[in-house]
Amino acid sequence: MADYQFGNIENVKEGDKFVNRQALRDAGIHLAPVAGIDGNPRVGAPSIVLNGGYVDDLDLGDEIIYTGHGGNDPSSKKQIKDQSWDATGNKALIVSEMQGLPIRVTRGFKHKSKFSPKEGYVYGGLYYVTDHFEEKGKNGFVICRYKLEKVSPSETWQNLVKKELPLGNENSKRIATEVLRIVRDTKLSKEIKKLYNYECQICGTTISVRGARYAEAAHIKPLGKPHNGNDQPGNLICLCPNHHVMFDKGVFAIENDLSLVGIEGSLSLHKNHTIEKSNFDYHKEHIFINE
DNA sequence: ATTGACCAAGTT
DNA sequence: AACTTGGTCAAT
């Protein structure tokens, strides 16, 4: 229900200090008053705090091996049981990994590393979750682990620009090309994927990882030069990675009656999804390899 | 829609 | 050790 915002927060820059969690919350960086992982399994995790709550945490600066939450005894704070991938925050991090969402990282005084502040909390910028795995922690119980890698400065800049972009507005074509290569999921592409329940419109496949689903939104008429396709629902379809690449590389094309040329099959179409058919024509003529 | 239990672990 | 908060989730 909370209104989570992803990416950088206006007026907060890397290195900014906060006296306590309440200040972090007031700034809009991390809403949870206590939990180290902010977010939920529906939208992902917009923010984490690295504050020594789990002994296995490893902070290398641009790379962090983070521990999921749960399994600790409320009173002693020691880990007394296995962690679960189903815990709200742990699942949220998986969703962030699958969707390539940026995560705000804040370091707290309780964790001891050369990157940790002596007191209070320091905002550390944006990271991506690039991997997750399971292992036995120092306390002998299963822990959920995540590899976080810092978003490059140029990408961070793009993330800031993204906010001001009128997504889906065809007047923003040029900028949209650059941004879309970097921002791995836009509001619109997410909507398309949700409409199809993350299943490929050609083969019906979805990739499911610990309950988080993955698919790709493909532009029929490519964005940017020289094609100048638009970023509208009528130019987007939901595909699995294989069919996405095949489509982009021209291995097959889609006819107006939704049958395929180049490979067997047809495109299934949701009743609430209207495709701009001229985009099929464009793709067939300019991208499809007809030989 | 509304509720109450449960979760996370920071703060005093 | 006690008290505290915002949010999620399941039950109503």
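The sequence lines fix the lettering, A, B, ..., with proteins before strands; numbering per chain opens at 1.
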All N/O contacts under 3.5 Å from nucleotides 9-12 of chain C to the protein, with atom names and distances to one decimal?
| residue | atom | partner | partner atom | Å |
| --- | --- | --- | --- | --- |
| C:dC9 | OP2 | A:R42 | NH1 | 2.9 |

Q) What is the minimum heavy-atom distance between A:E63 and A:K147, and which atoms define it? A) OE2-CE, 3.5 Å
Q | Whole-Å distance separating the CG atom of A:D3 from the P atom of C:dT8 | A | 11 Å
Q: Check each residue of residues 67-80 of chain A for a non-hydrogen atom within less than 4.0 Å of any atom in DNA chain B, then write out the ones that pass by number, or none.
A: A:H69, A:G70, A:K77
Q. Is atom CG of A:D73 surrounded by more than 12 heavy atoms (other residues, nucleotides or ligands) closer than 6.0 Å?
A. yes
Q: Measure the distance from NE2 on A:H30 to P on C:dG6 and round it to the nearest whole Å.
A: 13 Å
Q: To the nearest 0.5 Å, tell me how far A:Y54 OH sits from A:N139 CG.
A: 11.0 Å
(Q) What is the separation between atom CD on A:Q22 and atom P on B:dA9, rounded to the nearest whole Å? (A) 18 Å
Q.
If I take atom CZ in residue A:F109 and atom P in nucleotide B:dA9, what distance separates them, rounded to the nearest angstrom?
A. 14 Å
(Q) Output the rounded distance in Å from CG (A:L50) to C1' (B:dG10). (A) 15 Å
Q. Under 3.5 Å, side chain of A:S208 to main-chain N/O of A:R213, donor-acceptor pair present?
A. no
Q. Less than 6.0 Å separating the ring centroids of A:Y282 and A:H227?
A. yes
Q: Using a cut-off of strictly less than 4.0 Å, decide whether A:Y121 has a side-chain nitrogen or oxygen near OP1 or OP2 of B:dT11.
A: yes
**Q.** Candidate list A:D57, A:N90, A:D56, test side-chain hydrogen bond (donor to acceptor under 3.5 Å, both in side chains), partner A:T67, passing option
**A.** A:D57
**Q.** Interatomic distance where NE2 belongs to A:H111 and C1' belongs to B:dG10 [whole Å]
**A.** 17 Å
Q) NA contact type, A:A32, heavy-atom cut-off 4.0 Å: base, sugar-phosphate, or nothing? A) nothing
Q | Side chain of A:N20 - closest among B:dA8, C:dG7, B:dT11 | A | B:dT11
Q) In whole angstrom, what separates A:D38's CG from C:dT8's P? A) 9 Å
What donor-acceptor contacts under 3.5 angstrom involve side-chain atoms of residues 250-261 of chain A, with partners at least two apart or in another chain?
| residue | atom | partner | partner atom | Å |
| --- | --- | --- | --- | --- |
| A:E255 | OE1 | A:K284 | NZ | 3.0 |
| A:E255 | OE2 | A:K284 | NZ | 3.1 |
| A:D257 | OD1 | A:S259 | N | 2.9 |
| A:D257 | OD1 | A:S259 | OG | 2.7 |

Q: Specify the separation, in whole Å, of atom CZ of A:F18 and atom P of B:dT11.
A: 13 Å
Q: Determine yes or no for a side-chain-to-main-chain donor-acceptor pair under 3.5 angstrom, with A:N279 supplying the side chain and A:K221 the backbone.
A: no
Q. Below 4.5 Å, heavy atoms only, C-beta onward: do A:Y196 and A:Q201 meet side chain to side chain?
A. yes
Q: State whether A:Y54 places a side-chain N or O below 4.0 Å from either non-bridging phosphate oxygen (OP1 or OP2) of B:dA9.
A: yes
